[in-house]
Participant: 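The following block contains the structure, expressed as structure tokens.
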Amino acid sequence: MSLILAIDQGTTSTRAIAFEVRDQDLHPVAVSQIELAQHFPKSGRVEHDAAEIWTATLQTCREVVRKAGGVARFAAIGITNQRETAVIWDALTGEPLHRAIVWQDRRTADVTARLTAEGHEPMVQAATGLILDPYFSATKFAWLLDAVPGSRERAAKGEVKLGTIDAWLIWKLTGGRVHATDATNASRTALMDLKTVEWRDDLCALFDVPREALPIIVPCAGVISETDPALFGRPLPIAGSAGDQQSALVGHGALKAGDAKITYGTGAFLVANVGAEPVASTRRLLGTLGYQADGQTAYALEGSIFSAGSAIQWLRDGVKLISESRQSEAMAQELPDNGGVYMVPGFTGLGAPWWEPEARGTVVGLTRDSGPAHFVRAALEALAYQTRDLLDALAQDGAPPLKTLKVDGGVTANSFAMQFVADICKVEVERPAFQEMTALGAARLAALGVGLLPDLEARPAEAPACWKPRMGQAERERLLSGWRRAVKAAIIAAPDRA
């Protein structure tokens with residue numbers, strides 16, 4: 001048994017990948033993927049069907065097990081998932097009681113604004129590393145309990161469960177025997193103490209979330225439980241679990257203090273390893289748990305960009321300026337420069353370091369000469385500007401300057417965008433030959449958890465692709481000045497400031 005089954009449940013799709021443990025590293029041998037429907041019931045609201053997620057998870061896992069030669073070849077399962085997305089389900093029937101509220105959802109902005117006005121943010125940040133924002137799971141959990149009649153009373157009796165996607169999948173995979181979440185996902189709820197790695201009663205009371213409905217917190221590596229034998233023909237140990245961004249940190253092998261990676265997916269997430277003790281940010285970056293494995297805990301600072309690849313999807317599906325995402329590179333390169341056009345993709349507000357939940361998408365600098373290519377180029381350039389904002393905040397928090405920024409995610413296939421990131425951020429950009437860093441991290445954790453790997457070190461067989469900065473400082477500063485003016489315009493245009 002030398003294969004690991006990695007479940008990668010993301011915002012736009014669910015996939016399963018089989019990895020072979022060989023030469024003290026992992027090598028992909030089979031994959032299956034199913035797209036995930038997005039639901040937008042109102043402005044600022046984003047939902048997923050948790051039952052659909054489970055069905056897709058089971059289907060992709062079974063397909064990969066078949067492709068890889070049968071369940072007898074598998075030693076363990078690792079899980080990685082979209083974080084902060086909140087699920088409520090019936091413990092008796094195992095069925096969801098409401099659509100899952102996705103991490104991008106802003107419906108509880110009024111709650112976090114009230115709590116901020118009441119002066120609670122310093123305590124929350126000191127305890128959890130997080131700020132008060134609807135991004136995190138706690139207010140989503142409370143909203144779900146209020147939205148489903150009788151669920152609060154039933155939760156107190158253990159009949160209703162709450163959890164992020166990892167907890168939902170562990171519950172379903174174990175046939176409802178185990179309600180558990182890993183430490184990285186727990187660190188994104190605003191209910192867990194970052195130092196003790198335990199739920200805090202005062203935070204549960206503040207957010208009105210009953211502790212009885214929450215899962216137990218477990219490390220990222222180590223056997224959590226076994227799957228229901230009926231699912232795959234025999235029980236498989238669930239031996240690894242981490243939220244997608246922390247899993248990508250492990251996938252990249254960014255295991256030392258000072259290592260950093262950014263994943264460009266639907267959103268973009270910079271995670272910088274800060275070592276064995278949490279670091280309090282003064283620039284509104286997020287303190288978070290990097291991973292907990294082999295008796296060790298690594299902490300991180302994180303900056304979240306809410307709209308990255310989703311801006312390209314909007315160009316394709318919303319305004320139909322492109323028919324497929326890969327067209328964006330050629331269109332951007334048609335232009336000698338951006339023509340003074342900037343896009344601030346605040347479709348669901350702005351994340352770090354701005355934290356403006358009511359900001360909206362804004363395009364500035366349009367002239368009669370502006371055309372579709374300017375919109376496309378502006379969307380790609382926005383990736384780099386937002387990344388620079390995060391790196392500046394990280395430096396102001398005392399982190400050493402990065403020599404290399406490790407990148408992954410679908411947008412990294414766009415060479416124009418990656419070169420622009422290198423130019424604007426004045427840092428070498430490194431993309432691994434194998435791109436599925438989130439799944440790879442989950443597989444590494446599971447392989448460590450069952451003893452198939454001695455550690456989490458990355459030993460890639462192929463050299464990464466690299467982009468080095470080549471833009472002059474004067475041009476860099478000119479472009480950044482235009483970006484900052486555009487961000488101010490997006491914030492001023494927010495509905496509550498109009």
Side-chain angles (χ1 to χ4, degrees), residues 1-8 17-29 74-81 83 166 181-188 197 217-224 237-263 269-278 288-302 404-409 430-462 464:
M1 296 186 293
S2 61
L3 299 186
I4 301 293
L5 177 60
I7 297 169
D8 183 359
I17 302 179
F19 289 91
E20 182 181 12
V21 181
R22 178 166 34 90
D23 301 325
Q24 291 195 333
D25 207 354
L26 295 161
H27 307 269
V29 297
F74 285 84
I77 289 177
I79 299 170
T80 184
N81 58 283
R83 304 169 307 167
D166 63 314
T181 187
D182 79 86
T184 66
N185 275 290
S187 77
R188 310 298 294 185
V197 194
I217 301 173
V218 298
C220 300
V223 176
I224 300 168
I238 303 170
S241 181
D244 51 9
Q245 304 314 315
Q246 286 95 334
S247 190
L249 192 75
V250 173
H252 277 289
L255 307 176
K256 300 180 180 66
D259 289 346
K261 70 89 205 174
I262 188 165
T263 297
F269 303 89
L270 173 74
V271 182
N273 190 326
V274 297
E277 295 293 331
T288 195
L289 200 144
Y291 57 88
Q292 190 179 57
D294 233 10
Q296 296 183 331
T297 300
Y299 291 94
L301 283 174
E302 177 175 330
T404 303
L405 180 62
K406 300 174 185 291
V407 300
D408 66 282
E430 182 180 287
R431 183 190 69 198
F434 179 68
Q435 277 287 287
E436 303 299 339
M437 288 293 105
T438 53
L440 179 60
R444 275 210 187 107
L445 288 165
L448 178 67
V450 291
L452 289 181
L453 284 179
D455 53 49
L456 294 174
E457 293 292 334
R459 301 173 178 87
E462 298 180 61

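The analysis underlying the following values was restricted to heavy atoms, covering all of them including side chains, and did not include hydrogens, waters or symmetry mates.
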Participant: By the definition side chain to side chain contact (heavy atoms under 4.5 Å, CB included), identify the one residue from K261, E436, R431 that meets it with D408.
Facilitator: K261
Participant: Can you tell me how far apart CG (L26) and CG (D23) are? Round to the nearest 0.5 Å.
Facilitator: 11.0 Å
Participant: When rounded to the nearest 0.5 angstrom, what distance separates CG in L249 from CD1 in I262?
Facilitator: 12.5 Å
Participant: If only atom types and distance count, is the side chain of D259 paired as donor or acceptor with the main-chain N or O of N273 below 3.5 Å?
Facilitator: no
Participant: Measure the shortest side-chain to side-chain distance between K406 and M437 over non-hydrogen atoms and say whether it is less than 4.5 angstrom.
Facilitator: no
Participant: Check whether any side-chain heavy atom of R188 lies under 4.5 Å from a side-chain heavy atom of Q246, and answer yes or no.
Facilitator: yes
Participant: With no hydrogens and no angle check, do the side chains of T80 and D8 hold a donor and an acceptor under 3.5 Å apart?
Facilitator: no
Participant: So do F269 and D244 actually touch side chain to side chain, heavy atoms under 4.5 Å?
Facilitator: no
Participant: Will you find, in the side chains of T438 and S247, an N or O donor that is under 3.5 Å from an N or O acceptor?
Facilitator: no
Participant: Might you point out which heavy atoms bring A183 and I217 nearest each other, and give the distance in Å?
Facilitator: CA-CG2, 3.8 Å
Participant: Within the 4.5 Å heavy-atom criterion, are L405 and L270 side-chain neighbours or not?
Facilitator: yes
Participant: Taking all non-hydrogen atoms of both residues, which atom of A439 and which atom of I17 are closest, and how far apart?
Facilitator: CB-CD1, 3.8 Å
Participant: For F19, run the side chain to side chain contact (heavy atoms under 4.5 Å, CB included) check against L440, L5, V29 and tell me which one passes.
Facilitator: L440
Participant: Is there side-chain contact between P454 and Q24, with heavy atoms separated by less than 4.5 Å?
Facilitator: yes
Participant: Indicate the atoms forming the closest heavy-atom contact of A239 with A76, along with that distance.
Facilitator: CB-CB, 4.0 Å
Participant: Return the minimal non-hydrogen interatomic distance between A293 and L448, and the atom names on each side.
Facilitator: CB-CD2, 4.1 Å
Participant: If I take atom CD from residue Q292 and atom OH from residue Y299, how far apart are they, to the nearest 0.5 angstrom?
Facilitator: 7.5 Å
Participant: Do the side chains of I4 and V21 get nearer than 4.5 Å, heavy atoms only?
Facilitator: yes
Participant: Would you indicate whether Q296, at its atom CD, is surrounded by more than 12 heavy atoms from other residues, nucleotides or ligands within a distance under 6.0 Å?
Facilitator: no
Participant: What distance do R83 atom CZ and N185 atom CG have between them, rounded to the nearest 0.5 Å?
Facilitator: 8.0 Å
Participant: Once rounded to the nearest 0.5 Å, what's the spacing between atom CG of N81 and atom CD of Q245?
Facilitator: 10.5 Å
Participant: Using every non-hydrogen atom in the two residues, find where D166 and S241 come nearest and quote the distance to one decimal.
Facilitator: CB-OG, 3.9 Å
Participant: Kindly determine whether V223 and V450 satisfy side chain to side chain contact (heavy atoms under 4.5 Å, CB included), including the steps that lead there.
Facilitator: CA-CA 7 Å; V223 176; V450 291; 4.1 Å; yes
Participant: Search all heavy atoms of L445 against all heavy atoms of A242 and return the closest pair with its distance.
Facilitator: CD1-CB, 3.7 Å
Participant: May I ask you to say whether D25 pairs ionically with R444, meaning some side-chain N is under 4.0 Å from a carboxylate O?
Facilitator: yes
